[in-house]
J.: 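The structure is given below, and queries will be raised subsequently.
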Amino acid sequence: MSQQSPHEDGRRATFCRICESFCGLEAEVSGGRIRALLPDGANPHSQGQLCPKGTSFLDVLYDPDRVLTPLRRTGGPGEFTPVSWDEALADIADRLASVLRRDGADAIAAYLGNPNWFGVSAAMSSQPFLAHFGVWKTFSSVTQDAAARLLASHILYGSAFRMPIPDLPRCDFLLAIGANMLVSHGSVLTAPLLREDLDAIAARGRVVVVDPRRTETAGRYEHIFVRPDTDAWLLGAMLNVIFQEGLAQLQGLAQSTVGWEQLRDAVQFLTPDIASDHCGIPAAQIADLARTFAHTPRAVAYGRTGTCRGRFSTLINVFICALNIVAGKFAVPGGWVFGDSPLEGAMPFPSGFEFRETRLGAKPYVGNNLPFGFLIDDILTDGPGRTRALIVASGNMVLTAPGGRELEQALDSLDVFVSLDLYVTETNRFADYILPCTTFLEREDIPLTGLAHMIRPFIQYSDKVIAAVGEARDEHDVWNELAAKLHAHLCAEIGNSRYCHASAPHFEPMAVMDALLRGGGVKVRDPAGVEQPLSIELLKRYPHGLTLADNLTCSNSWSKISHEDGRAHLWNALLDPELERMRATPVAGPGELRLFGRRAPLSINSWMHNSSRLVKSQFPSLMMNSADADARGILDGQRVEVCSISGSMQVSVTVSDEIIAGAVCYPHGWGHRGGWQRANATQGANVNELASKTPGDMLSGSTLLDGIAVTVRRIAEESARTG
Ligand code: SF4
């Protein structure tokens, strides 16, 4: 079956790009419109698995609130009028050129939101544009949920862009920390059959979930309650037990790592008793967990979002990697391994970390991301090099990043603010222009971000299923056009190669992908049985996707370490002050409450909250343990005020023993007041207003979102869930 053209009626194979699972979809097309999105049972990767967000995506595609023509701000926040693409791009180019002439590239910043990484068009084109004009002040959602993961990879493996994954299909003991895998569907992990994989592990061994809440994942498997933001104590103590009891694989450590003695000495103070005081897990259970982990041949520790949003996130992520390596679980089947990306041979893996000197002091620069709070300060602090222009692609920072009202004030004070988006959001209502972009159903793609994280190596090409709706354009077309108006010709620099198009002054990301695939070194058999290098042309002959291998190689993970000495570095002097900070941290006192976040199965940050079928059953509330509620005289459903040093919110309470005492939790991405009517009608508050713009994890510049100290007090006698 070959790919059909956009507008052709019939069933069209494609894949979802809302999250990292990249599940196979079939789109029912008639008359140029998609009538239904269905699971693709012929997709070998997802085998018909699909979550409700995937099938609900039609609500976004044909949403009457979707921005389908360029908008120019004409008044206060949220007041826009439609303009032509030419008019918008010409004015934006003039204004950017004027900022560049007056203040240079230091005065331009960019924020690339999470959806940027889920499609080739956006992921491949923003960087060439920014690099061409020397824009280095780049920000993203990474400092809200992944910077520590990247920094740990820089320390351990020599590149922030090398991220190991758990080899779930062959694992017998999975220790999942801060990861609600059944709801997130995997993060830094592409495994659309996750439930089946976890069930299979539980059937032959154990899945142990460490979380302050009995999440959907914890409830299905074994659960250990932990206090928010204390994973560093648990993991450090497990490492200590493994070293003290002779369970470390010392021969392997001596041969393949450096710094293991420093790591051993660093965690020596972390006895299970000390860790227990902090994390609330009994000392005997911590020691037993360490022993079981070490003794199980096919075991792996995996941590995700919850491990990246606390005060010691870099230490935690280093400890997770170290635990796997010290116990001999790295580069082995069922353990902690690097994926087998078909782009492996064509991609560079630079260090991805440095401290950048800025006009407001040195800042961590992790995977090209500065701490988010710096953006606010840089806009609002007068002086040479101050940010005056901001380009935001698919980012709704007002609901998903710290800063609250100060962030809004900063956004509204810019000379130029351009947003590429699908909606008028809480963030881009302050923009000068909103430029409408295509959804994944309107553009061609491969699952770029997932290629290195697939637990079963797989690749798929999808052509656009339908032509762009309205005047929406692919992101790369927008960056190209803007560059052209600024008299620039975009090229991608990847490793030592430069990808330009001599024949047309137009940067084509899919042509670059094709070159990378051909240069990646992977060969497969075409449908006629002839071996060929991977290419887009070849992939078009497999519309439901192509399985590249049944399992991960695993043993090649050591060879993928980017450090010059080829070894894993288990300690780095950067961690010394972090360890001291941790040692000086007191145990949480009685009555203290720590706020952390949670994911909802039908939400994906803030951006699908205009889908009625997804939000109609969602009523965000503050989850609180019954002991904490009783101590404050709070009943289920009552309204409360939650205060931190940065802000406050009024919400209703759900009293539940699904959450550990001493903590409260609330989902993020709510509190809508943009140009999306259904979202605006939802209940809930913007929990990120309680977050400080000062990083919680100093080393990675990550925002403190899990473990914010709060007070909660009842504000009204009201039992209905009204907010
Ligand atoms: S799990 Fe992710 S990729 Fe799969 S359908 Fe849901 S949102 Fe889409």
Side-chain angles (χ1 to χ4, degrees), residues 11-28 34 36-61 63 113-120 122-123 141 145-146 165 168 176 179-199 215-217 220 304-305 394 400 422 438-443 445-456 458-462 465 544-545 598-615 617-618 667 669:
R11 284 259 178 125
R12 312 281 305 282
T14 183
F15 58 91
C16 181
R17 277 146 271 177
I18 297 171
C19 85
E20 293 175 63
S21 278
F22 298 108
C23 299
L25 283 172
E26 280 206 305
E28 188 89 54
I34 300 179
L37 290 170
L38 307 160
D40 181 2
N43 182 305
H45 172 63
S46 54
Q47 299 178 18
Q49 137 71 30
L50 207 57
C51 87
K53 294 192 288 280
T55 47
S56 302
F57 199 75
L58 284 187
D59 292 357
V60 174
L61 181 68
D63 193 332
N114 186 291
N116 271 275
W117 316 117
F118 291 84
V120 168
S141 46
D145 65 10
I165 57 174
L168 299 178
N180 188 2
M181 299 169 81
L182 295 183
V183 168
S184 68
H185 300 285
S187 177
V188 189
L189 176 67
T190 296
L193 303 175
L194 204 44
R195 181 184 295 264
E196 288 80 352
D197 284 318
L198 298 192
D199 284 355
T215 61
E216 292 78 352
T217 312
R220 189 170 176 89
R304 257 314 285 133
T305 312
S394 322
T400 56
L422 302 176
T438 50
T439 67
F440 66 78
L441 295 164
E442 301 152 88
R443 59 184 180 231
D445 241 326
I446 62 170
L448 178 61
T449 319
L451 292 178
H453 304 146
M454 302 233 176
I455 60 170
R456 296 178 184 86
F458 170 85
I459 189 167
Q460 184 172 9
Y461 168 83
S462 172
V465 177
H544 301 280
R598 69 175 187 263
R599 280 180 185 268
L602 299 181
S603 272
I604 182 87
N605 303 323
S606 69
W607 73 279
M608 287 189 74
H609 285 170
N610 214 46
S611 163
S612 277
R613 64 182 124 173
L614 291 181
V615 296
S617 58
Q618 298 194 60

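Whatever order the structure lists them in is the order used to number ligands and atoms, beginning at 1. None of the values given here were measured: they were computed from a predicted structure. Only heavy atoms go into these numbers, but all of them, side chains included; no hydrogens, no water, no symmetry mates.
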J.: Enter the distance from Ile459:CD1 to Leu451:CG here, rounded to the nearest 0.5 Å.
T.: 5.0 Å
J.: Taking only residues two or more places apart in sequence or in another chain, which ones pass salt bridge (charged side-chain N to carboxylate O under 4.0 Å, His left out) with Arg456?
T.: Asp197
J.: So, taking the atom named CZ in Arg599 and the one named NE2 in His185, what distance separates them when rounded to the nearest 0.5 Å?
T.: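 One finds 9.5 Å between CZ of Arg599 and NE2 of His185.
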J.: Are Phe440 and Phe57 close enough that their ring centers fall under 6.0 Å?
T.: yes
J.: Go around atom 6 (Fe) of ligand 1 and count every protein N, O or S atom nearer than 2.8 Å.
T.: 1
J.: Can you sort out the partners of Arg17 under salt bridge (charged side-chain N to carboxylate O under 4.0 Å, His left out), two or more places apart, ordered by chain and number?
T.: Asp445
J.: Below a 4.0 angstrom heavy-atom separation, can you tell me which part of Phe22, side chain or backbone, both or neither, approaches ligand 1?
T.: backbone
J.: Suppose we screen for salt bridge (charged side-chain N to carboxylate O under 4.0 Å, His left out). Which residues come up paired with Glu20, at least two apart in sequence or across chains?
T.: none
